[in-house]
Amino acid sequence: MASLQSIKIETQIPPEVLIAQIMQLHASISKLETLRPCKQVNSLFTHLVKLCTLPSCIDIEALPQEVQDIRKSLINLSGQAEGLLELEFSTFISLTPEPMKNVTLYPYYGNYVKLANMENKILKENGVVNPKKVAFVGSGPMPLTSIIMATHHMESTHFDNFDIDEKANEVARKIVASDAALEKRMKFETQDVMELRERLEQYDCIFLAALVGMSREAKVKILGHIKKYMKEGGTLLVRSAKGARAFLYPIIEERDIVNFEVLTIFHPSNDVINSVVLLRKPKA
Ligand SMILES: C[S@@+](CC[C@H](N)C(=O)[O-])C[C@H]1O[C@@H](n2cnc3c(N)ncnc32)[C@H](O)[C@@H]1O
C-alpha cells in the first residue's frame, strides 16, 4: 500500500483565499524601500512565487478591477526585482576569474534549465532542430536561456541577444567572454525590439522574453512588429503565463495572435512559471 507521503493529492486552493494572500503580499512588497535582493525581498518574492504556482482555477479576466490593478503592479514590481537580481548576480560573477563557471550558482538556475528543456522539446516537436541563427529578445544581465540553449541543446546555433539595457549587455558580454568557444556564437546588442526591422528576417527562431511587453496590449504590439519583419516560415517562441502565474507575468491569449500559425500553447504544471506559445509566420 502506498505510504501517505507518496500520495500527492492535488488540492486546489480556493481562488478567493489565494487572491487574498497575494493581495497581502502585494501590500508588503509595495512598502519595500528597495527591490534589490536582500533577505526580506527574497523571502517576500519566494512566498509570492510559491503562491502563484499552487494549483488554482483563477480566471484572470474575471477578476475585479481592484485585483487587476494589483496584478499590473505586481508584474512591474516582480519584473524590477528580477532585473535587479540578475544585474546584482551577474555583476558579482563577472568579477570572478571564470564567470561562466559560476552561472549555475544563480538562484533560479534550475528553473531556467527546466524551462529551456521544455522550450527545446516543443521546438523539436515542431521541426526546429539545431537552427542556424536564433535571436533572443530581452536577454537581460543573466542571459541564462541563451546560455543553456547554446550549451545543452543547440550546440552549433548562433545566438544574437537583444536587450534595451546597455548595462545588461555589458555584463552579459563579460560573462560569456570567459568561454571563448561560446563567445564566437553569442553576441549582445543594445536595441529596443521595436527598432529591430529587416534584421529579424535572418533568424530561424526568435525568442521573446516574458518581460518584454509588460502588458497584454504591449505584447500584442510587439508580436505584430516582429511578425511584420521576421522571415516567412520562421518561428517565434513567446513566453506567457496562465492562472495565478499571471500575477507575475503578462499573458498572451490565443485571440491576440493574428496571422500566425499557432503551433503549440503549453502551460507547465511544475515549478516552471512561464507558459510557452510557439508560432510560425505562414509562407505567403
Ligand atoms: C530580466 S530579463 C529576463 C530574461 C532572462 N534573463 C532569460 O534568460 O530568459 C528581461 C529583459 O528584457 C529587457 N527588455 C524589456 N523591454 C525590452 C524591449 N522593448 N526591447 C528589448 N529588451 C527589452 C529588459 O531590459 C530585461 O533585461
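We count ligands from 1, going down the list as the structure has it; atoms in each ligand are counted the same way. Just so it is clear, the structure is predicted and the values come from calculations on it, not from any experiment. Reckoned from all heavy atoms, side chains included, excluding hydrogens, waters and symmetry mates.
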*Mind checking whether F162 and Y203 have parallel, tilted or perpendicular rings, split at 30° and 60°?*
perpendicular

*Keeping the roles fixed (side chain from H153, backbone from K121), state whether a donor-acceptor pair exists under 3.5 Å.*
no

*Does a side chain donor of either N126 or T235 reach within less than 3.5 Å of an acceptor in the other side chain?*
no

*For E98 and N102, does a side-chain donor sit closer than 3.5 Å to a side-chain acceptor?*
no

*Side chains of T190 and N169: donor-acceptor distance under 3.5 Å anywhere?*
yes

_Just checking E232: does its CD atom have more than 12 heavy atoms from other residues, nucleotides or ligands closer to it than 6.0 angstrom?_
yes

Ligand 1: which protein N/O atoms lie under 3.5 Å from its N/O atoms?
| unit_1 | atom_1 | unit_2 | atom_2 | d |
| --- | --- | --- | --- | --- |
| ligand 1 | 6 (N) | E86 | OE1 | 3.2 |
| ligand 1 | 6 (N) | E86 | OE2 | 2.9 |
| ligand 1 | 6 (N) | S139 | O | 2.9 |
| ligand 1 | 6 (N) | M142 | O | 2.9 |
| ligand 1 | 8 (O) | L144 | N | 3.3 |
| ligand 1 | 8 (O) | T145 | N | 3.1 |
| ligand 1 | 8 (O) | T145 | OG1 | 3.2 |
| ligand 1 | 9 (O) | T145 | OG1 | 2.8 |
| ligand 1 | 9 (O) | R239 | NH1 | 2.7 |
| ligand 1 | 19 (N) | D192 | OD1 | 3.1 |
| ligand 1 | 20 (N) | V193 | N | 3.1 |
| ligand 1 | 22 (N) | I164 | N | 3.1 |
| ligand 1 | 25 (O) | D163 | OD1 | 2.7 |
| ligand 1 | 27 (O) | D163 | OD1 | 3.4 |
| ligand 1 | 27 (O) | D163 | OD2 | 2.7 |

